[in-house]
Amino acid sequence: MDQTQTVLPANKPQVIPPYTKLPFYRKQVRIALKNCGIIDPENINEYIARDGYRALAKALTELEPDDVIEIMKDSGLRGRGGAGFATGIKWEFCRRSRLTPKYVICNADEGDPGAFMDRSILEGDPLSVIEGMTLAGYAIGSAEGYIYCRAEYPLAIDHLNTAIAQAEEYGLLGEDILGSGYSFHLYIKEGAGAFVCGEETALMASIEGRRGEPRPRPPFPAVAGLWLHPSNVNNVKSYAMSPQIVLNGADWFTGIGTPKSPGTAIFALTGKINHTGLIEVPMGISLNEIIFDIGGGVPEGKQFKAVQTGGPLGGCLPAAALDTPVDFDSLVEAGATMGSGGMIVVDEDTCMVEFARYFLTFASAESCGKCVPCRIGGQRLLEALTRITEGNGTPQDLEDIRYISRNMREASLCALGQLTPGPVMAALRFFDEEFAAHIYEKKCPAKVCKGLITYTIIAEKCEGCMVCIRNCSSDAIIGSKREPHVIDIERCSRCGICATVCKFDAVVVE
Ligand SMILES: Cc1cc2nc3c(=O)[nH]c(=O)nc-3n(C[C@H](O)[C@H](O)[C@H](O)COP(=O)(O)O)c2cc1C
């Protein structure tokens with residue numbers, strides 16, 4: 001036997017299990033993420049070696065454009081950008097539009113805070129998106145496509161440029177693809193990072209060089225899109241899944257997930273959870289399985305409190321909803337949304353009023369200002385929530401929040417304004433007792449809102465070590481060595497550093 005070989009104990013034949021056996025991966029099914037982390041995204045040969053471009057070759061040699069659309073329709077793929085509209089039907093609408101030229105557009109704006117699903121696909125497997133767009137172009141009858149990618153994603157843009165150049169060199173993009181006579185050219189448009197530019201009509205305005213503001217629909221992009229020509233807008237994940245659907249067939253895809261939401265969902269799992277990261281799971285899996293089996297539960301033995309799905313325009317669900325299946329319709333029924341794939345877990349230390357205020361701060365700042373309900377409504381909602389978290393809230397604020405939310409939903413021009421009230425309405429629905437505590441008792445049950453908490457030093461526990469005094473940036477702690485210290489609540493900024501640095505647990509927050 002080779003002396004350099006490691007001898008394994010007989011009862012432990014395998015020291016390092018395959019990654020698919022790890023709890024984080026065991027329940028995952030990878031379609032759009034199939035190649036991410038496996039292939040070199042800058043080498044087209046590695047993409048081809050894993051079935052890359054077989055779908056396009058099949059389409060160009062064996063299928064008519066209508067056949068491709070039929071496969072996509074039969075697969076039941078629903079757009080992964082948030083709204084969940086049927087991709088095959090969208091492609092069909094665009095194919096039926098007579099005006100030419102037509103455009104294929106990839107929405108890679110991904111503005112949700114904490115979300116990085118689309119970025120990871122573009123960085124890790126850009127050719128899957130490019131092949132998906134080329135297939136869409138063939139299906140709808142388009143020779144030109146745009147990838148709208150935010151400029152904050154330089155690596156994604158770099159890998160896309162490399163992938164486009166290599167695909168062109170291999171005759172898989174550009175003129176006369178694979179000698180079929182079909183030509184398709186692809187361009188990248190860098191966005192400046194406005195959340196509203198992810199809305200498809202604002203996105204197209206931005207590509208055209210105009211201010212990124214939405215416009216009313218209809219007309220939908222399939223009829224009058226980019227430069228008023230028929231255009232198909234899909235999310236990165238929708239395009240990345242398409243080649244495998246065309247290659248493996250609609251039945252293969254419908255065999256995964258649920259009847260109304262076939263396939264997989266991709267989430268960026270973040271927040272108070274042990275295993276954060278990108279996951280791809282079959283639709284229909286429960287929130288419980290995602291958070292506890294895959295995510296490993298909440299760190300430091302803390303209690304799970306809520307999970308926010310659907311990003312800043314989605315909603316939070318409480319522990320009682322953990323059995324909810326994760327699919328487009330069940331999440332909406334439960335009071336949240338699927339969105340594009342942000343999933344944020346929070347524990348007992350999170351104030352749900354402040355949590356809702358955080359998302360509202362983002363959504364109201366990102367309002368483009370074109371329509372009044374969104375521009376003014378978002379601000380008024382934020383003011384009411386701020387009053388509540390600062391301890392100045394009144395019952396009238398709750399009435400105003402409900403009234404403004406209803407009007408924003410009904411009257412806003414695009415889904416940004418329509419869905420901005422989502423997080424606060426979900427928080428009100430599931431955590432109304434926390435709002436009541438802030439307003440009627442002037443207390444923040446999670447002990448987070450600065451206007452509603454006070455820090456006190458328990459004299460019996462204080463050793464007079466002066467550490468808190470040295471760390472207090474507001475000079476709010478009075479005392480001398482080996483004497484119990486006292487906090488001047490008038491000067492205290494409620495930063496909590498005294499509680500963090502105290503080795504004797506002498507500082508309490510109430
Ligand atoms: C404010 C706002 C931001 C959006 N951001 C994105 C985004 O970053 N990516 C995306 O694919 N869709 C986004 N959408 C949805 C798009 O308007 C559109 O529905 C989607 O790109 C269609 O692709 P799909 O059918 O593949 O989901 C956003 C919508 C709104 C209202």
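Predicted model, so just to flag it, every value in this text is computed and none were measured. Note that ligands are numbered from 1 as they come in the structure, with each ligand's atoms numbered from 1 the same way.
Within the listing of ligand 1, atoms 16 (C), 17 (O), 18 (C), 19 (O) sit less than 4.0 angstrom from a heavy atom of Glu200. Numbered from 1 in the order shown, with element, the atoms of ligand 1 that lie under 4.0 Å from a heavy atom of Arg80 read 26 (O), 27 (O). Per-residue contacts place Asp109 under 4.0 angstrom from the following atoms of ligand 1 (heavy atoms of the residue considered): 8 (O). Close approach of ligand 1 to Val233 (heavy-atom distance below 4.0 Å) involves ligand atoms 21 (O), 22 (C), 23 (O). Short contacts between ligand 1 and Gly111, defined as distances under 4.0 Å to a heavy atom of the residue, involve ligand atoms 8 (O). Shown in contact with Gly79 at under 4.0 Å from a heavy atom are these atoms of ligand 1, numbered in order with element: 24 (P), 25 (O), 26 (O), 27 (O).
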N/O donor to acceptor pairs below 3.5 angstrom from side-chain atoms of residues 37-44, sequence neighbours left out:
| from | atom 1 | to | atom 2 | distance (Å) |
| --- | --- | --- | --- | --- |
| Asp40 | OD1 | Glu42 | N | 2.9 |
| Asn43 | OD1 | Asn45 | N | 2.9 |

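Heavy-atom neighbours of Phe85 CZ from other residues, nucleotides or ligands within 6.0 Å: above the threshold of 12. Around the CZ atom of Arg211, the shell of radius 6.0 Å holds no more than 12 heavy atoms that belong to other residues, nucleotides or ligands. Under a cut-off of 6.0 angstrom, the local environment of CD in Glu383 is crowded, with over 12 non-hydrogen atoms contributed by other residues, nucleotides or ligands.
Of all the listed residues (Thr201, Leu416, Asn107, Thr420), Asn107 holds the heavy atom that lies closest to atom 20 (C) of ligand 1. For atom 3 (C) of ligand 1, the candidate residues are Phe85, Tyr148, Phe195; the nearest heavy-atom contact is made by Phe195. Between atom 29 (C) of ligand 1 and the options Glu366, Glu199, Met204, the minimum heavy-atom separation is to Glu199.
The minimum heavy-atom distance linking Ser340 with Asn235 is given by the pair OG-ND2, 4.2 Å. Minimum interatomic distance between Phe184 and Tyr182 (heavy atoms only, all atoms of both residues): CD1-OH, 3.3 Å. Here the closest non-hydrogen pair linking Cys371 and Leu413 is SG-N, 3.4 Å. Gln244 approaches Ile31 most closely through the heavy-atom pair NE2-O, 2.7 Å. Minimum interatomic distance between Asp118 and Glu110 (heavy atoms only, all atoms of both residues): N-OE2, 2.7 Å.
Considering backbone and side-chain N/O atoms, Gly198 comes within less than 3.5 Å of an N/O atom of ligand 1. Considering backbone and side-chain N/O atoms, Glu110 comes within less than 3.5 Å of an N/O atom of ligand 1.
Taking 4.0 Å as the cut-off, Ser340 does not count as a neighbour of ligand 1 on heavy-atom distance.
Annotation: atom 11 (O) of ligand 1 to nearest protein heavy atom, Asn235 ND2, 2.8 Å. Of all protein heavy atoms, the one lying nearest to atom 27 (O) of ligand 1 is Gly81 N, 2.7 Å.
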message: Please determine whether salt bridge (Lys or Arg N to Asp or Glu O under 4.0 Å) holds for the pair Glu70 and Lys73, giving the CA-CA distance in whole Å, both sets of side-chain angles, and the decisive distance to 0.1 Å.
response: CA-CA 5 Å; Glu70 275 316 301; Lys73 276 168 61 183; 3.5 Å; yes

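Under 4.0 Å from ligand 1, the heavy atoms of Lys90 that appear belong solely to its side chain.
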